[in-house]
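Have a look at the structure below before the remarks.
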Amino acid sequence: MCETPKSGDLLDWYDQNARAMPWRTAPADRKAGHLPDPYRVWLSEVMLQQTTVAAVRGYFLRFIELWPTVVDLAKADDAAVMGEWAGLGYYARARNLLKCARAVANEHDGAFPTTHAELLKLPGIGPYTASAIASIAFDRPETVVDGNVERVMSRLFAVQTPLPAAKPVLTDLAAKLTPSERPGDYAQAVMDLGATICTPRNPACGICPWINACQARSSGIAASLPRKTPKKAKPTRFGIVYLGRREDGAWLLETRPSKGLLGGMLGWPGTEWTVEAQAETPPCPADWQDPGGEVRHTFTHFHLILEIRVAVLPRENPQDRGHFVMPSDFRPSDLPTVMRKAFDLASSAMAMD
DNA sequence: TATTCGTGGGT
DNA sequence: TACCCAAGAAT
């Protein structure tokens with residue numbers, strides 16, 4: 001038989017094992033009444049959506065350096081924010097980040113709302129992020145349910161229903177465990193537990209503060225939970241991108257439409273990406289050459305094989321698409337990863353700089 | 001409810 | 001290599 005899990009046992013563990021992060025206030029400081037900056041909590045939580053702490057850290061520090069407050073961010077140029085987000089993925093987050101910053105600056109006097117319901121109205125803030133901000137930044141007793149919490153609850157209560165169907169049940173179980181004391185620390189504690197001990201594979205049950213309360217552990221099935229419904233196979237799509245350079249060195253680039261894949265990001269003009277090989281569709285007439293090689297990249301729901309073409313473009317070429325960017329203004333780091341791969345391939349194949 | 005939407009690291 | 005996965009939201 002198992003004990004009833006106690007939130008206090010987890011908080012005691014967290015007091016000793018909380019991981020330091022740039023956006024986080026240590027448990028001792030929180031107990032002294034020092035809550036973290038809501039702007040930093042919001043920014044970090046949006047960056048952390050479906051993204052690892054290791055990947056986020058550098059981006060977070062850079063954003064804070066460039067835009068120390070939400071009002072600063074609200075005044076930033078779209079292209080600057082999208083460029084700084086490049087490489088982090090899920091670019092709708094960056095578009096909504098700006099919308100949200102401007103809403104907070106213009107409609108909330110630069111102060112984030114403090115309740116779950118008000119936070120939920122803002123762009124890019126869903127149920128998880130609203131709970132995270134309300135609990136972590138404002139110590140409200142809201143329940144965070146992310147992938148970590150789903151895994152911890154499914155094991156603690158041996159929930160056999162596969163995800164995502166089990167989500168409502170797991171949310172209910174998590175809510176009933178959430179304490180009214182130290183809700184901010186508790187939220188971070190459950191997620192830390194899932195990230196460091198109650199891991200997807202090889203959970204470290206021997207050092208878990210809830211070992212005596214865990215039903216899956218007592219049944220020996222912890223590592224097999226949570227169950228998940230099978231995923232669909234990824235199809236492969238094909239496309240061509242065109243890396244054109246004017247005689248004065250300027251690159252022909254385009255800002256992609258603000259909706260859909262890589263929306264709002266800088267990229268090379270090219271064909272659509274489809275399951276059938278694409279016919280040549282250059283952005284302007286030129287002597288396009290194939291330098292050889294291909295870019296392979298995998299998105300969430302398809303594999304992509306991309307061919308590249310390169311050309312020197314005449315100075316007075318009436319291009320149909322895109323805009324020219326001088327080398328002094330071109331930062332490959334502004335490109336989403338698949339576009340940066342194309343640039344790297346062209347650079348190595350042509351040995352051009 | 002199901003799909004769309006990135007990327008890099010781990011196994 | 002080929003998966004799996006990560007502090008989800010929008011549609």
Side-chain angles (χ1 to χ4, degrees), chain A residues 18-19 21-24 36 40-60 82 85-97 99-100 119-137 142-152 162-168 171 174 184 186-196 198-202 223 226 228-237 256-265 267 273 296-304 335-341:
Chain A
R19 296 186 295 170
M21 300 178 192
W23 48 85
R24 181 178 275 188
R40 296 186 179 216
V41 173
W42 162 72
L43 179 61
S44 67
E45 289 299 341
V46 172
M47 287 183 167
L48 285 163
Q49 289 166 7
Q50 296 292 287
T51 310
T52 60
V53 170
V56 163
R57 181 172 282 109
Y59 284 86
F60 174 83
M82 300 309 288
W85 196 278
L88 199 55
Y90 285 149
Y91 298 101
R93 294 184 296 173
R95 303 194 299 271
N96 286 326
L97 192 80
K99 288 182 189 172
C100 183
L119 288 163
L120 201 53
K121 295 177 184 174
L122 292 167
I125 297 182
Y128 163 78
T129 304
S131 287
I133 297 171
S135 62
I136 296 170
E142 301 291 348
T143 302
V144 294
V145 183
D146 71 333
N148 290 304
V149 177
E150 289 175 352
R151 186 169 57 255
V152 170
L163 284 167
K167 174 110 181 178
T171 298
Y186 176 81
Q188 296 172 94
V190 193
M191 293 190 285
D192 271 20
L193 185 75
T196 63
C198 196
T199 50
R201 284 174 290 243
N202 303 316
K228 297 197 174 181
T229 54
K231 301 178 179 175
K232 294 198 314 183
K234 297 184 202 301
T236 298
R237 298 185 188 176
R256 298 171 62 86
S258 60
K259 291 184 178 180
L261 191 68
L262 308 182
M265 297 300 292
W273 299 342
R296 288 177 177 263
H297 191 76
T298 298
F299 293 98
T300 306
H301 53 294
F302 66 92
H303 302 291
L304 177 66
L335 296 170
T337 298
V338 64
M339 296 296 177
R340 187 180 49 73
K341 284 184 179 178

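First the proteins, then the strands, lettered A, B, ... as listed; each starts at 1. Computed from a predicted model, the values in this text were never measured in an experiment.
Partners of A/Lys99 by salt bridge (Lys or Arg N to Asp or Glu O under 4.0 Å), not counting sequence neighbours: none found. Scanning for side chain to side chain contact (heavy atoms under 4.5 Å, CB included) contacts around A/Gln50 gives A/Tyr90, with sequence neighbours left out. For A/Arg57, there are no salt bridge (Lys or Arg N to Asp or Glu O under 4.0 Å) partners at least two apart in sequence or on another chain. Here A/Lys121 pairs with A/Glu118 under the side chain to side chain contact (heavy atoms under 4.5 Å, CB included) rule; sequence neighbours left out. When the salt bridge (Lys or Arg N to Asp or Glu O under 4.0 Å) test is applied to A/Arg237, no partner is found at least two apart in sequence or on another chain. Under the side chain to side chain contact (heavy atoms under 4.5 Å, CB included) criterion, A/Tyr59 pairs with A/Met47, A/Leu88, not counting sequence neighbours. Looking at residues two or more places apart in sequence or on another chain, you find a side chain to side chain contact (heavy atoms under 4.5 Å, CB included) between A/Ala132 and A/Glu45, A/Tyr128, A/Ile136, A/Val144.
Among the atoms of the strands shown, only primed sugar atoms or phosphate atoms (P, OP1, OP2) are found under 4.0 Å from some heavy atom of A/Thr337. Within 4.0 Å of A/Thr298, counting heavy atoms only, lies at least one base atom of the nucleic acid. In this structure, A/Met265 reaches neither bases nor backbone, as no heavy-atom distance under 4.0 Å exists between it and the strands shown. Among the atoms of the strands shown, only primed sugar atoms or phosphate atoms (P, OP1, OP2) are found under 4.0 Å from some heavy atom of A/Arg151.
Nearest nucleotide to the side chain of A/Arg201, out of C/dA6, B/dT11, B/dT7: B/dT11. Listed nucleotides: C/dG8, C/dA6, C/dA10. Nearest to the side chain of A/Tyr128: C/dG8. Listed nucleotides C/dA9, B/dG6, C/dA6 differ in distance to A/Thr52; the shortest reach to its side chain belongs to C/dA6.
Contact between the side-chain N/O atoms of A/Thr129 and the OP1/OP2 oxygens of C/dA9 is found at a separation under 4.0 Å. Distances shown here put a side-chain N or O of A/Lys231 below 4.0 Å from the OP1 or OP2 atom of C/dC5. Listed pair A/His297 / B/dT7 meets the phosphate criterion, a side-chain N or O lying under 4.0 Å from OP1 or OP2. Contact annotation: A/Gln50 side-chain N/O to C/dA6 OP1/OP2 distance is not under 4.0 Å.
A/Thr199 contributes no side-chain N or O that, together with a main-chain N or O of A/Thr196, makes up a donor-acceptor pair within less than 3.5 Å. When atom types are taken as modelled, the side chain of A/Thr229 and the backbone of A/Leu163 share a donor-acceptor pair closer than 3.5 angstrom.
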Check: protein-nucleotides 1-5 of chain B nitrogen or oxygen pairs below 3.5 Å:
from, atom 1, to, atom 2, distance (Å)
B/dC5, OP1, A/Leu261, N, 3.4
B/dC5, OP2, A/His301, NE2, 2.8

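When the P atom is used for both B/dG8 and C/dA9, the distance is 22 Å, rounded to whole Å. When the P atom is used for both B/dC5 and C/dA6, the distance is 22 Å, rounded to whole Å. Using P as the reference atom, C/dC4 and B/dT3 are 16 Å apart when rounded to the nearest Å.
Separating the NE2 atom of A/His303 from the C1' atom of B/dG6 is a distance of 14 Å, rounded to the nearest angstrom. Taking atom CE of residue A/Met339 and atom C1' of nucleotide B/dG6, one finds them 13 Å apart after rounding to whole Å.
Each of A/Gln188 and A/Leu122 was matched to the nucleotide of DNA chain C holding its nearest heavy atom; the match closer to the 5' end belongs to A/Gln188.
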For Watson-Crick and G-U wobble pairs within 3.5 Å on both distances, what is DNA chain B written in dot-bracket notation, | included for inter-strand pairing?
.||||.|||||

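Among all heavy-atom pairs drawn from A/Cys100 and A/Pro123, the shortest one is CB-O, 3.5 Å.
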